[in-house]
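One structure coming up, written as structure tokens, with questions to follow.
Note that this is a predicted model, so its numbers are computed, not measured.
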Amino acid sequence: DKNNNYLELLNLYINNEKKHCNGDIILKKDFPVYFNSINNERIITVDNPFNDPRTKELTDSYLIPLNIKSKLDAPVRFEGKVIGVLCNEYTEKTHNWQLDEQSFCASIADIISIAIELNRRKRVEHMIF
């Protein structure tokens, strides 16, 4: 949200089930370390999220229910604020995130940010002209 109090799941694609879902919300007050990490780091690369201080608070409500074993998160920023997070997750087994995977994830988050900015500019230009 605009005040950075929560993140809402807009689209989760579960590959092995070939399905999409949405709607879950995580609150900043319940996960302050994770939110702080998202706000201050370029990417969060976690091979074992249960032991990493940035993600272990997600264990009971997020990691275990979705069987997540590894996470790679990249914040999506707009006008200097985090407006979303691109999350890549492995289930069933842990994954050692390679540098090219990390770079790709960060680049996709940047492309999303640029697309949002371009869309905003087009709307403003349309209103002016």
Return the set of residues passing side-chain contact (heavy atoms from CB on, under 4.5 Å) with R42 (not counting sequence neighbours), or none when no residue passes.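 With sequence neighbours excluded, R42 shows a side-chain contact (heavy atoms from CB on, under 4.5 Å) to A106, D110, given in chain and number order.
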Using the test side-chain contact (heavy atoms from CB on, under 4.5 Å), find all partners of E17 that sit at least two apart in sequence or belong to another chain.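 Testing E17 for side-chain contact (heavy atoms from CB on, under 4.5 Å), a comparison that skips the adjacent residues, returns I14, K19.
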Can you name the side chain to side chain donor-acceptor pair (under 3.5 Å) partners of R54, sequence neighbours left out?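 With sequence neighbours excluded, R54 shows a side chain to side chain donor-acceptor pair (under 3.5 Å) to E41, D52, given in chain and number order.
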For the residue pair L86 and V76, what are the closest heavy atoms and their distance?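 The pair with the smallest heavy-atom distance is N-CG2, 4.3 Å.
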Fellow cluster residues of V33, listed by chain then number, with links counted only when side-chain atoms sit under 4.5 Å apart: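 Once heavy-atom contacts under 4.5 Å are chained together, V33 still belongs with nothing else.
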Looking at residues at least two apart in the chain, or sitting in another chain, which of them share a side-chain contact (heavy atoms from CB on, under 4.5 Å) with T59?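 T59 satisfies side-chain contact (heavy atoms from CB on, under 4.5 Å) with F50, K56, L63, I64 only.
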For Q98, side chain to side chain donor-acceptor pair (under 3.5 Å) partners two or more places apart: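 For Q98 there are no side chain to side chain donor-acceptor pair (under 3.5 Å) partners, ignoring immediate neighbours.
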Under a plain distance cut-off of 3.5 Å, with no hydrogens placed, do N88 and D73 share a side-chain donor-acceptor pair?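 No - no donor-acceptor pair under 3.5 Å links their side chains.
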Name all residues meeting the side chain to side chain donor-acceptor pair (under 3.5 Å) criterion together with Y62; count only those two or more places apart in sequence or in a different chain, and write none if there are none.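 Scan of Y62 (side chain to side chain donor-acceptor pair (under 3.5 Å), adjacent residues dropped) gives E89.
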Nearest heavy-atom pair of S70 and H95: which atoms, and what distance?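 Closest pair (atom of S70, atom of H95, distance): OG-N, 2.6 Å.
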E57 versus D30: any side-chain heavy-atom pair under 4.5 Å?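 E57 does not reach D30 side chain to side chain.
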For S113 and F78, indicate whether the former's side chain and the latter's backbone hold a donor-acceptor pair under 3.5 Å.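 No: the side chain of S113 does not pair with the backbone of F78.
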Would you say L72 and Q102 make side-chain contact, with heavy atoms under 4.5 Å?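 Yes - at least one pair of side-chain heavy atoms lies under 4.5 Å apart.
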With ILVMFWY side chains joined below 4.5 Å, transitively, what does L118's cluster contain besides itself?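 Its cluster partners, ordered by chain and number, are I114.
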Hey, could you give me each pair passing ring pair (Phe, Tyr, Trp, His ring centres under 6.0 Å) that has a residue in residues 17-37? Not counting sequence neighbours.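 Output for this query lists Y13-H20.
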Spell out, yes or no, whether I44 and V82 are grouped together once hydrophobic residues are joined by side-chain heavy atoms under 4.5 Å, including indirect joins.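 Looking at the clustering, V82 is in the same group as I44.
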Can you see which heavy atom on P49 is nearest to which on I68, and at what distance?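 Closest heavy-atom pair between P49 and I68: CG-O, 4.2 Å.
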With sequence neighbours left out, what residues match K69 under side chain to side chain donor-acceptor pair (under 3.5 Å)?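 K69: side chain to side chain donor-acceptor pair (under 3.5 Å) contacts with N67.
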Give a yes or no on whether I38 and L58 share a hydrophobic cluster (residues Ile, Leu, Val, Met, Phe, Trp, Tyr; joining criterion: side-chain heavy atoms under 4.5 Å apart).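 Yes, one cluster joins them.
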Using the test side-chain contact (heavy atoms from CB on, under 4.5 Å), find all partners of N36 that sit at least two apart in sequence or belong to another chain.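 Testing N36 for side-chain contact (heavy atoms from CB on, under 4.5 Å), a comparison that skips the adjacent residues, returns N40.
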With clusters defined by side-chain heavy atoms of hydrophobic residues (ILVMFWY) lying less than 4.5 Å apart, directly or transitively, does V85 cluster with I26?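 Linked, I26 and V85 end up in one cluster.
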For residues K28 and N4, determine if any side-chain heavy atom of one lies less than 4.5 Å from a side-chain heavy atom of the other.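 Yes. Closest side-chain heavy atoms under 4.5 Å.
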Hey, could you give me the CD1/CD1 distance between I83 and I112, rounded to the nearest 0.5 Å?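 Result: 9.0 Å between the selected atoms.
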Check: D47 main-chain N/O paired with W97 side-chain donor or acceptor under 3.5 Å: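 Checking the backbone N and O of D47 against the side chain of W97, no donor-acceptor pair under 3.5 Å is found.
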Rest of the hydrophobic cluster containing L27 (Ile/Leu/Val/Met/Phe/Trp/Tyr, side-chain heavy atoms under 4.5 Å)?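 Under the 4.5 Å side-chain rule, L27 groups with Y6, I25.
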Could you state the interatomic distance from CD (E101) to CD1 (I43), rounded to the nearest 0.5 Å?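 Taking CD in E101 and CD1 in I43, the distance rounds to 10.5 Å.
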Hey, does N48 have a side-chain heavy atom less than 4.5 Å from the side chain of N51?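 N51 reaches N48 side chain to side chain.
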